[in-house]
Amino acid sequence: PPIGSTGHSARVVVVDDASPPTTAPAIAADVAAHPGAILVRRTVNGGPGAARQSGLAAARTPLVAFVDAGVAPEPGWLAPLLAHFADPEVVAVAPRVRSRPGTGTLLDRYERRRSPLDLGDAEARVAPRARVAYVPTAALLARRAAVEAVGGFDPALRTGEDVDLVWRLVEAGAVLRYEPAVTAWHGPRQDWAAWARQRFGYGRAAGPLDRRHPGQLPPLSVSGWSVLAWGLAAAGRPGLAAGVAGGTTALLGRKLSPVLAEPWPEALRLGGLGHLHAGRWVASALTRAWWPLALVAALSSRRARRAVVAAAVVPPLLEWRPGDGMAPAAYVAARLADDVAYGAGVWRGCWAARRLGPLVPDLRSWPGRSLGPWSWHGGLRRRRASSAPARAGNR
């Protein structure tokens with residue numbers, strides 16, 4: 001959007017991250033046309049993190065709004081975000097980032113349906129392993145002192161620098177909020193090759209992020225009992241699978257007995273929903289982070305092949321909506337390509353960082369494992385003293 005279009009009195013800093021000589025003059029002219037705006041030109045391209053650090057160094061106001069090139073916040077976007085800062089513990093607020101409608105191609109429609117920057121329409125507190133585990137800093141309003149206190153963006157990260165900053169702020173005790181009532185629009189990639197490179201880059205950040213934040217990026221975080229039940233079903237042992245699911249549900253009912261007057265209906269609801277949700281998450285892990293292993297298994301076993309095909313087809317079909325403007329087969333194909341590109345990046349990043357964390361599942365609720373104040377069953381999280389689940393707990 002035009003510089004200074006926020007409607008608030010603010011100093012505008014434009015960072016030119018060593019753009020090509022053909023575009024640098026146009027950027028300088030645009031900045032010069034807006035009184036009060038300053039241009040910071042970097043001589044070496046450092047990527048988003050380094051560019052934002054240069055802008056942060058030039059900022060003088062207590063609050064700083066980071067807005068990437070190509071991102072257009074809606075008019076009046078700052079006021080609803082500023083309201084959150086009445087709480088002194090809040091250090092950053094992010095709007096919803098949605099893909100801007102384009103030419104109506106399949107890629108454009110898929111991006112509007114499943115952009116990795118779009119975190120949904122429900123407001124949330126941001127924290128690792130929560131429903132909203134991070135927010136992209138394509139558009140972010142933050143307290144400058146808090147960002148500087150944790151060292152700002154890590155210039156060594158070309159991707160994942162926003163996740164890293166958000167998690168370091170949370171680790172420092174800060175509160176971050178996601179405010180989907182405000183929308184910022186970003187442009188989708190122009191072709192499938194650029195789109196695949198973007199997804200690969202996002203996946204590649206997993207290894208370096210795991211080095212900085214160990215254990216926060218498992219490909220799957222559900223009850224081990226649910227994984228066992230689905231594994232038995234895939235192995236052609238539906239009776240044993242039903243026995244495991246039924247047995248864990250019965251055990252859950254016993255655990256709920258001290259805190260609920262009627263524990264068994266709640267146990268059946270939690271157990272059934274938990275195992276069903278876990279099945280979708282297991283399928284997602286198979287086609288996303290674990291697809292190289294799933295491919296090898298599918299080539300060597302007919303039964304494994306059927307399970308992998310089901311994992312690749314059923315969850316996308318459950319997600320598909322007629323209003324998406326895509327045929328079911330087209331959506332399934334795009335979703336599978338999305339998973340493969342991202343998963344390839346995960347393996348590349350893990351190899352480069354010599355980390356296995358993003359490939360190792362976190363199987364909770366095995367016998368003897370302490371869960372502290374939280375109880376997990378089949379991926380659904382609840383307080384022990386509560387009579388209802390808080391919300392689905394998978395990343």
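Atom set for the values below is all heavy atoms of this structure, side chains included, hydrogens, waters and symmetry mates excluded.
Judged by distance alone, the side chain of Arg11 and the main-chain N or O of Ala58 form a donor-acceptor pair under 3.5 Å. Side chain of Trp320 to backbone of Met326: a donor-acceptor contact under 3.5 angstrom is found. No donor-acceptor pair closer than 3.5 Å links the side chain of Arg302 to the backbone N or O of Leu299. Side-chain atoms of Arg168 come within 3.5 Å of backbone N or O of Val150 as a donor-acceptor pair. Judged by distance alone, the side chain of Ser301 and the main-chain N or O of Ala297 form no donor-acceptor pair under 3.5 Å. For the pair Arg41 (side chain) and Ala28 (backbone), a donor-acceptor distance under 3.5 Å is absent. Side-chain N or O atoms of Ser284 include none that pairs as donor or acceptor with a backbone N or O of Arg280 at under 3.5 Å. With Thr249 contributing its side chain and Ala245 its backbone, the two residues share a donor-acceptor pair below 3.5 Å. Panel note: side chain Trp167, backbone Ala133; a donor-acceptor pair is recorded below 3.5 Å. Of the possible polar contacts, one joining the Arg355 side chain to the Asp210 backbone as a donor-acceptor pair under 3.5 Å is found.
In terms of heavy atoms, Leu260 sits closest to Pro263 at O-CD, 3.7 Å. Closest approach of Ala312 to Leu336, counting heavy atoms only: CB-CD1, 4.1 Å. Residues Ala174 and Val91 share a closest heavy-atom pair of CB-CG2, 3.3 Å. In plain terms, the two heavy atoms of Pro219 and Pro358 that are nearest each other are CD-O, 3.2 Å. Of all the heavy atoms in Asp118 and Gly120, the pair that sits closest is OD1-N, 3.1 Å. In terms of heavy-atom proximity, Asn45 sits nearest to Ala18 at N-CB, 3.4 Å.
In summary, the side chains of Asp338 and Tyr110 do present a donor paired with an acceptor at a separation below 3.5 Å, with no hydrogens or angles considered. Side-chain contact, His213 with Asp164: a donor N or O sits under 3.5 Å from an acceptor N or O. Ser223 and His275 share no side-chain donor-acceptor pair at under 3.5 Å. Using a 3.5 Å distance cut-off with no hydrogens or angles, the side chains of Thr103 and Asp108 do not pair a donor with an acceptor. For the residue pair His277 / Ser226, no side-chain donor-acceptor distance below 3.5 Å is found, with atom types taken as modelled. The closest side-chain donor-acceptor pair between Arg98 and Thr183, if any, does not fall under 3.5 angstrom.
Cluster annotation: Trp291 and Leu359 are assigned to distinct hydrophobic clusters (Ile/Leu/Val/Met/Phe/Trp/Tyr, side-chain heavy-atom contacts under 4.5 Å, transitive). Cluster membership check: Val340 does not share its hydrophobic cluster with Val313, using side-chain heavy-atom separations under 4.5 Å among Ile, Leu, Val, Met, Phe, Trp and Tyr. Leu286 and Trp230 fall into different hydrophobic clusters, where Ile, Leu, Val, Met, Phe, Trp and Tyr residues are linked whenever their side-chain heavy atoms come under 4.5 Å apart, directly or through other members. Connection of Val346 to Leu356 is established within a shared hydrophobic cluster, with ILVMFWY side chains joined at heavy-atom distances below 4.5 Å, either directly or through further cluster members. Placement of Leu363 and Leu251 in two distinct hydrophobic clusters is found when ILVMFWY residues are connected by side-chain heavy-atom separations under 4.5 Å, directly or transitively.
The existence of a salt bridge linking Glu179 and Arg96 is excluded, since no basic side-chain nitrogen approaches an acidic carboxylate oxygen closer than 4.0 Å. Using a cutoff of 4.0 Å between basic side-chain nitrogens and carboxylate oxygens, Glu111 and Arg199 are scored as salt-bridged. A salt bridge between Arg112 and Asp324 is absent, with no side-chain N of the basic residue lying under 4.0 Å from a carboxylate O of the acidic one. By the 4.0 Å N-to-carboxylate-O rule, Asp68 lies close enough to Arg52 to be salt-bridged with it. Salt bridge status for Arg212 with Asp154: present, with a side-chain N to carboxylate O gap under 4.0 Å.
Taking the ring centroids of Tyr342 and Phe200, they lie at or beyond the 6.0 Å cut-off.
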Candidate pair Leu141 and Leu78, rule side chain to side chain contact (heavy atoms under 4.5 Å, CB included), full reasoning: CA-CA 8 Å; Leu141 184 63; Leu78 281 177; 4.1 Å; yes

Audit row: Asp362, Arg129, salt bridge (charged side-chain N to carboxylate O under 4.0 Å, His left out) steps and yes/no: CA-CA 11 Å; Asp362 180 7; Arg129 302 295 195 94; 3.1 Å; yes

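To the nearest 0.5 Å, atoms OG (Ser115) and CZ (Arg189) are separated by 9.5 Å. Rounding to the nearest 0.5 Å gives a distance of 9.0 Å between CG of Asp162 and CG of Leu140. Here the straight-line distance linking atom CZ of Arg237 with atom CG of Leu228 works out to 13.0 Å at 0.5 Å rounding. Atom CG of residue Leu165 and atom OH of residue Tyr134 lie 14.0 Å apart, to the nearest 0.5 angstrom. The distance from the CZ atom of Arg335 to the CZ atom of Arg113 is 9.5 Å, given to the nearest 0.5 Å. Rounding to the nearest 0.5 angstrom, the gap separating the CG atom in Asp16 from the CD1 atom in Ile27 is 4.0 Å.
Side-chain atoms of Leu317 and Val332, non-hydrogen and from C-beta on, do get closer than 4.5 Å to each other. Side-chain contact between Pro188 and Leu107: absent, with no pair of heavy atoms (C-beta onward) separated by less than 4.5 Å. Looking at heavy atoms from C-beta onward, Val132 lies out of side-chain contact with Arg125 at the 4.5 angstrom threshold. Within the 4.5 Å cutoff, no side-chain heavy atoms of Val15 are placed close to those of Leu39. You'll find the side chain of Leu119 stays beyond 4.5 Å of the side chain of Arg131, heavy atoms only. Contact of the Gln53 side chain with the Glu161 side chain is not registered, since no non-hydrogen atoms from C-beta on lie closer than 4.5 Å. Between Pro62 and Arg143, every side-chain heavy-atom pair lies at or beyond the 4.5 Å cut-off. Side-chain atoms of Thr137 and Phe153, non-hydrogen and from C-beta on, do get closer than 4.5 Å to each other.
Taking the six-membered ring for Trp and thresholds of 30 and 60 degrees, Trp192 and Trp195 have ring planes more than 60 degrees apart, a perpendicular arrangement.
Few gaps surround CD on Glu171; more than 12 heavy atoms of other groups in view lie less than 6.0 Å from it. Heavy atoms of other residues, nucleotides or ligands lying less than 6.0 angstrom from CD of Glu319 number more than 12.
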